[in-house]
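These notes are about the structure you will find just below.
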Amino acid sequence: MRRSPLALSFYARPTVEVARRLLGQIIVSDVGGRRTAGRIVETEAYVGPHDPACHAWGGRRTPRTEALYGPPGTAYVYFTYGMHWCLNAVTEAAGYPAAVLIRALEPLDGVDTMRRRRARGRGGKVADSDLCAGPARLCEALGITGRLNGIPLQRGALRVVRGDRRRLPVAVTPRIGITAAVDWPLRFVLLDSPWASRGGRGRR
DNA sequence: GGTAGGATAAGCT
DNA sequence: GCTTATCCTACCA
């Protein structure tokens with residue numbers, strides 16, 4: 001089945017709105033010649049230079065954050081904790097640094113590939129419910145690394161395509177793992193989704 | 001069921 | 001030097 005990619009205009013809106021409307025949409029990765037795909041079940045908004053948890057807080061513009069200033073629909077992939085990659089979709093107008101962090105997916109396609117990637121370098125096996133339940137986990141499962149930083153999400157090896165968004169029960173909570181602006185309700189998660197990250201399955 | 005601590009490196013002060 | 005938009009293992013209940 002062929003699904004249409006989300007257009008640039010989808011991302012050129014208030015970041016909170018994009019974060020909410022990304023729930024239910026589908027990420028498709030063809031990295032390494034393998035097709036993997038998953039449905040977005042958890043997101044967080046990082047709303048710009050006035051957001052103390054945003055990497056572009058205070059207008060920081062460095063080689064690391066450069067992709068955040070790109071056009072809407074750009075992939076912002078950053079490295080953290082010395083070993084993890086995380087994927088964001090850049091939002092709002094070009095030049096305005098804001099993005100939505102993709103925090104969890106429901107695996108749809110290429111589950112065997114996901115299992116292999118997630119188990120690599122780790123003798124044990126990974127429960128299917130943990131394949132994409134976390135921002136770094138889903139990047140590992142989909143083969144996403146810094147090589148994809150700055151690419152457009154409308155075409156190419158990594159893209160976001162339209163999913164079924166009818167009747168989605170959404171919970172709104174503070175963001176996870178940050179120490180700044182802890183009261184801002186900028187995390188969106190499908191209510192009771194078994195695919196959400198830890199700290200994420202909760203109701204509110 | 002839960003949580004504490006370690007891994008590991010870029011970017012900042 | 002210190003912090004970090006994390007994950008995993010070990011350990012305790």
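Every chain is numbered from 1, with letters handed out A, B, ... down the list of sequences.
Rounded to an integer number of Å, the gap from CZ of A:R187 to P of C:dT6 is 11 Å. Between A:W85 atom CH2 and B:dT8 atom C1' there is a gap of 13 Å when expressed in whole angstrom units. As rounded to whole Å, 8 Å separates atom C1' of C:dC8 from atom NE2 of A:H84. The distance between atom CG of A:D130 and atom P of C:dT9, rounded to the nearest whole Å, is 11 Å. Computed from coordinates, the A:L186 CG to C:dA5 C1' distance equals 12 Å when rounded to whole Å. Rounded to whole angstrom, the span from the CZ atom of A:R60 across to the C1' atom of B:dA10 amounts to 13 Å. To the nearest angstrom, P of B:dC12 lies 16 Å from OH of A:Y81. Spacing between atom CG of A:L131 and atom P of C:dC8 amounts to 10 Å, rounded to whole angstrom units.
In the set C:dA5, B:dA7, C:dC7, the nucleotide with an atom closest to the side chain of A:H55 is C:dA5. For A:M83, whose side chain is taken as the heavy atoms from C-beta onward, the closest listed nucleotide among B:dA10, C:dT4, B:dA7 is B:dA7.
Searching all strands for a Watson-Crick or G-U wobble partner of B:dT8 with both distances below 3.5 Å returns nothing.
As judged by a 4.0 angstrom heavy-atom cut-off over every strand, A:A53 is placed among the base-contacting residues. Within 4.0 Å (heavy atoms only), A:L101 reaches at least one base atom of the nucleic acid. No engagement by A:R175 is indicated, since no non-hydrogen atom pair under 4.0 Å with the nucleic acid exists.
Considering only side-chain N and O atoms, A:R103 lies under 4.0 angstrom from the phosphate OP1 or OP2 of C:dT6. An OP1 or OP2 oxygen of C:dA5 is reached within less than 4.0 angstrom by no side-chain nitrogen or oxygen of A:R64. Between A:T179 and the phosphate of C:dT3, there is no side-chain N or O to OP1/OP2 separation shorter than 4.0 Å.
In this model, a side-chain donor or acceptor of A:Y78 finds a partner on the base of C:dA5 within 3.5 Å.
You'll find the side chain of A:L23 reaches within 4.5 Å of the side chain of A:T43, heavy atoms only. Using a 4.5 Å heavy-atom threshold, the side chains of A:E42 and A:R187 count as touching.
A:Y46 carries A:R175 over the face of its six-membered ring, with the cationic atom under 6.0 Å from the centre and within 45° of the normal.
By the stacking rule of 5.5 Å between ring centres and under 30° between planes, A:Y46 stacks on the base of C:dA5.
A residue-by-residue look at A:Y76 and A:R118 shows that A:Y76 has its nearest nucleotide of DNA chain C further toward the 5' end.
With salt bridges taken as basic N to acidic carboxylate O contacts below 4.0 Å, none links A:E140 and A:R117.
When ring centroids are compared, A:H84 and A:F79 stay outside the 6.0 Å threshold.
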